[in-house]
Amino acid sequence: QTIYLKDYTPPAWLVEDVHLTFRLAPRATRVTSRVRFVPNPEATAREFFLHGEELKLISCHIDGRSVTPEVTPEGLTCDVPDGPFTWEAEVEISPETNTALEGLYMSSGMYCTQCEAESFRKITYYPDRPDVMAPFTVRIESDLPVMLSNGNPVAQGQGWAEWHDPWKKPSYLFALVAGNLVNHPDSFTTMSGREVELNIWVRPGDLHKCAFGMEALKKSMKWDEEVYGREYDLDIFNIVAVDDFNMGAMENKGLNIFNSSAVLASPETSTDANFERIEAIIAHEYFHNWTGNRITCRDWFQLCLKEGLTVYRDSQFTSDMRSAPVKRISDVIDLRARQFPEDQGPLSHPVRPESFQEINNFYTATVYEKGAEVIGMLKRLVGDEAYARALDLYFERHDGDAATIEDWLKVFEDVTDRDLTQFKRWYSQSGTPRLKVTEEWTPADASRPPSRDLAANPEAPDQVRGGTGTYTLTFEQHTPPTPGQRDKAPQVLPIAVGLLTPNGDEVVPTTLLEMTEAKQSFSFDGLTRKPVPSLLRGFSAPVVLEREASREERLFLLAHDTDSFTRWEASRDLARASMLGALTDPSKGPDRTWLEALRGVVRDTELDPAYRALLLALPGENEMAQTLHERGITPDPEAIHSTRQAHLQARAELWQANLPILAEEVAVTAPYRPDAEQSGKRALGAAVLDMQSRIDWGKTAARQFETADNMTQQLSALACLIRYDAKNSARYIRDFYDQWKDDRLVIDKWFMLQVSEATPDRAAEAAEGLTQHPDFDLKNPNRFRATLGALAMNHAGFHRADGAGYALLADWLIRLDTLNPQTTARMCSVFQAWRRYDADRQALIRSNLERIAAKPDLSRDVAEMVGRILA
Ligand code: ARG
Ligand code: ZN
């Protein structure tokens with residue numbers, strides 16, 4: 001059954017308040033609800049419907065009188081009074097057998113919940129939609145020492161606790177936790193002087209992994225006050241770490257629940273990348289308190305209203321805490337790796353989808369990451385100051401609302417007097433726009449009027465007016481058809497450009513061109529010589545730039561560009577071109593000129609090591625497959641793998657003499673800190689270690705493996721040993737396991753590394769072998785992703801010509817679907833790019849997808865995903 005945005009109707013009944021009582025028992029938890037309903041004056045219909053799934057209804061009453069509702073697998077209907085009334089119901093549920101991890105379930109002996117998007121209905125009967133908001137009072141009864149819910153603690157006694165959340169909220173933000181937990185406490189004083197109690201709750205053995213998360217929380221609270229003027233609004237803020245969790249984390253009001261991998265950290269067990277991700281997710285969930293909770297979504301089609309904005313906010317936070325250029329480049333790498341294939345394949349959908357079968361399938365890179373890009377474009381177009389005023393107005397006007405994208409855009413229109421009708425296409429039109437660029441240089445043309453855009457730029461330096469030449473950039477935009485959308489209208493594209501003189505001076509600093517038409521030209525007058533363009537600075541719009549710059553121009557930008565993003569992009573383009581050259585003409589080796597130039601930049605000690613590490617990274621195999629596909633060439637996964645390896649090998653040999661000096665420069669002698677400075681050095685160090693290991697067969701890596709006092713370096717050493725020391729790698733893998741067998745999060749890394757670093761011919765066997773390991777646990781999403789997800793990430797291994805990778809994954813997806821549809825459906829997306837490949841591979845993938853589709857009792861989640869991928 002498909003749900004459509006256009007069918008939205010307001011709820012017939014609103015909720016004034018909710019009282020819930022939980023009597024916890026693993027297989028027979030009793031939930032009683034008392035809900036005060038009032039007619040919604042905005043609605044015409046009076047039908048009374050409550051969502052409810054997999055519930056055993058014990059009894060229900062209206063205004064104290066027993067009633068017999070009509071119950072279906074989706075919910076119930078009942079005759080109700082015309083005016084306000086009190087609904088009471090008692091249901092029974094079984095958290096212990098809930099392997100879907102939706103609703104109330106158990107994880108390592110603790111009770112916890114996940115209600116977003118539509119799982120509160122697995123806890124009790126309720127209007128489970130985000131536009132029904134109410135204050136909640138919750139009583140929990142159990143023998144467990146810690147019992148938590150949303151809001152503030154009201155009272156507690158032997159075997160019970162009561163919580164009250166004064167802020168009205170939709171049911172998806174409800175949370176409950178109970179268990180044998182210990183806390184890492186702290187406190188925060190808000191800008192108006194209120195004292196807030198903070199806690200991170202964990203299983204007893206994890207208490208030493210909470211300090212970093214707590215610091216990240218306090219930094220987030222401070223940042224949101226300083227940058228957005230947003231203050232926290234309860235007496236207490238609790239975070240709980242849970243081992244079994246489908247996603248990263250959840251922003252339940254006052255009680256954030258986290259996948260333990262997204263909050264627990266220690267130097268010995270977590271990598272620098274883990275620390276950075278944890279800091280970002282803690283910020284993200286905290287920021288939801290305003291963008292998500294205080295202002296929520298009217299319906300699930302508006303998901304990007306809270307997710308796009310909150311991702312945008314957490315990326316701003318990370319840029320402020322760490323390095324803005326490094327964060328921007330990392331975000332673009334991620335966007336291209338995850339969102340572009342989605343936007344250009346069978347799963348393509350608008351940032352605000354118009355229909356769905358299962359909303360959990362729309363927690364996507366498009367809604368989240370492209371949703372954040374859209375906000376970044378909006379901010380660039382209106383300017384920082386107008387953005388700040390628009391956000392103030394948004395918080396003032398919509399506090400307490402369940403809002404829409406229309407509401408969001410309206411605050412920008414009201415603050416700026418801009419008409420955002422065309423800009424709104426970013427929310428409704430799917431697909432990645434292609435942007436073609438041509439340039440024209442007219443040495444002297446006095447007849448041309450000065451460009452409006454340039455005239456408006458007071459920053460333009462004097463050199464611009466020094467000559468009489470005109471430089472014109474002509475852009476053409478085109479978005480290929482996507483499922484359900486044949487014809488595309490032009491989008492508003494903010495294109496940031498700079499112009500450089502041939503000797504490397506910036507003749508026109510970053511200027512924003514606002515493209516609104518299918519084809520549009522922008523001229524720069526008064527130039528003395530033909531400039532070199534630096535286009536799409538900061539990746540100012542999420543498009544594919546279709547411009548084949550010459551190698552000379554790219555080398556020039558790599559050496560001279562003043563914008564850190566486009567400088568990196570030049571390096572990326574050179575790497576891509578070199579690999580493409582070798583792939584299309586096997587007689588060609590790596591581009592030596594590029595490798596020489598890159599060496600110069602990477603040895604520049606003035607540059608941030610983290611940035612240099614990004615310059616060094618070659619596009620991944622999956623990205624190369626996508627690049628070939630975009631050029632009409634069928635990618636050969638084995639050839640991509642060997643070409644990329646040949647490039648890495650040639651570079652290591654060419655740079656051999658420089659490696660010891662580089663390694664020395666980035667060596668960290670101070671005690672471990674997971675900050676940007678040290679992490680950057682270790683990131684560059686890991687790239688250097690990889691090159692060294694290719695030459696010394698793992699000697700340096702073995703030393704690092706034995707002596708490292710932090711997981712970042714232990715793990716990067718182990719990766720090199722698996723790659724380059726075939727003889728001894730089994731021993732190192734065993735040693736690592738023996739050292740860390742009691743730490744689940746580290747053992748996840750152990751599973752993952754063996755699959756992701758396996759050679760293409762061994763990856764499927766490695767994954768299959770690990771599924772037989774006693775520590776493999778189909779019910780734990782982290783472990784499943786570490787094993788089977790890692791296989792899909794090993795591009796050449798997954799796409800092995802005999803189809804062993806596809807078959808293994810399909811087997812396990814079929815098994816997992818019975819237990820956990822949401823995680824299964826999510827992983828089906830690894831098949832989305834299947835039409836890129838040759839006919840044999842397509843046939844193999846198709847037959848495996850059809851095998852999944854044919855599974856008896858296939859979940860709605862997976863049925864929708866497989867159906868869309870095959871369509
Ligand atoms: N709202 C959460 C976040 O982005 C994501 C949780 C969604 N969970 C789900 N089952 N769809 O922080
Ligand atoms: Zn979120």
Side-chain angles (χ1 to χ4, degrees), residues 53 98-105 107 112-123 128-130 150 169-175 216-217 220 224 239-242 244-259 261-263 277-297 299-318 338 351 353 356-372 375 781-782 785 820-827 829 859-862 864-865:
E53 289 176 12
N98 179 354
T99 57
L101 316 182
E102 296 174 346
L104 179 66
Y105 65 95
S107 171
C112 61
T113 54
Q114 172 56 36
C115 293
E116 188 179 6
E118 300 185 323
S119 296
F120 187 74
R121 61 191 66 180
K122 295 182 174 182
I123 292 175
D128 189 15
R129 42 186 288 172
N150 315 91
K169 67 167 176 291
S171 50
Y172 83 88
L173 291 173
F174 167 80
L217 174 60
S220 306
D224 213 14
I239 286 177
V240 183
V242 172
D244 303 279
F245 203 77
N246 281 330
M247 313 269 284
M250 180 63 211
E251 69 265 24
N252 317 298
K253 184 79 187 192
L255 179 53
N256 288 2
I257 297 182
F258 275 63
N259 186 323
S261 75
V263 52
R277 175 168 177 265
I278 287 168
E279 184 177 86
I281 297 182
I282 289 194
H284 179 96
E285 306 310 333
Y286 175 73
F287 296 159
H288 268 315
N289 190 55
W290 274 95
T291 53
N293 301 1
R294 289 286 286 261
I295 306 180
T296 195
C297 302
D299 55 70
W300 291 116
F301 297 103
Q302 320 295 329
L303 184 59
C304 65
L305 179 74
K306 72 176 178 82
E307 295 302 349
L309 178 53
T310 306
V311 171
Y312 184 70
R313 277 152 50 70
D314 83 55
S315 72
Q316 288 182 299
F317 170 76
T318 298
R338 299 193 305 114
V351 169
F356 62 75
Q357 289 169 43
E358 171 50 63
I359 186 57
N360 281 327
N361 290 335
F362 287 83
Y363 285 70
T364 59
T366 298
V367 170
Y368 277 66
E369 274 75 31
K370 190 178 179 180
I375 291 172
N782 290 359
R785 286 188 281 256
N820 185 334
Q822 194 183 131
T823 288
T824 313
R826 187 154 278 272
M827 207 174 282
S829 62
S859 66
R860 170 178 54 182
D861 311 54
V862 174
E864 181 184 28
M865 291 295 281

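All values below come from the heavy atoms of this structure, side chains included, with hydrogens, waters and symmetry mates left out. Counting convention: from 1, in listed order, for ligands and their atoms alike.
Note: Y172 and W300 have perpendicular aromatic rings, judged against thresholds of 30 and 60 degrees for the angle between ring planes.
Annotation: side chain of L173 is not in contact with side chain of C115 (no heavy-atom distance under 4.5 Å). Residues K122 and N98 form no side-chain contact, since every pair of their non-hydrogen atoms from C-beta on lies 4.5 Å or further apart.
Between the OE2 atom of E307 and the NE2 atom of H288, the angle centred on the Zn ion (ligand 2) amounts to 90° when rounded to 10°.
Residues that satisfy the salt bridge (charged side-chain N to carboxylate O under 4.0 Å, His left out) test with R338, not counting sequence neighbours, are D334, E369.
Taking the centre of each ring, F301 and F362 stay at or above the 6.0 Å mark.
Protein residues with a heavy atom under 4.0 Å from ligand 1 are Q114, E116, M247, A249, M250, E251, H284, E285, H288, K306, E307, N360, Y363, Y368, Q822.
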Worked verdict on T310 versus H284 for side chain to side chain donor-acceptor pair (under 3.5 Å):
CA-CA 6 Å; T310 306; H284 179 96; 5.3 Å; no
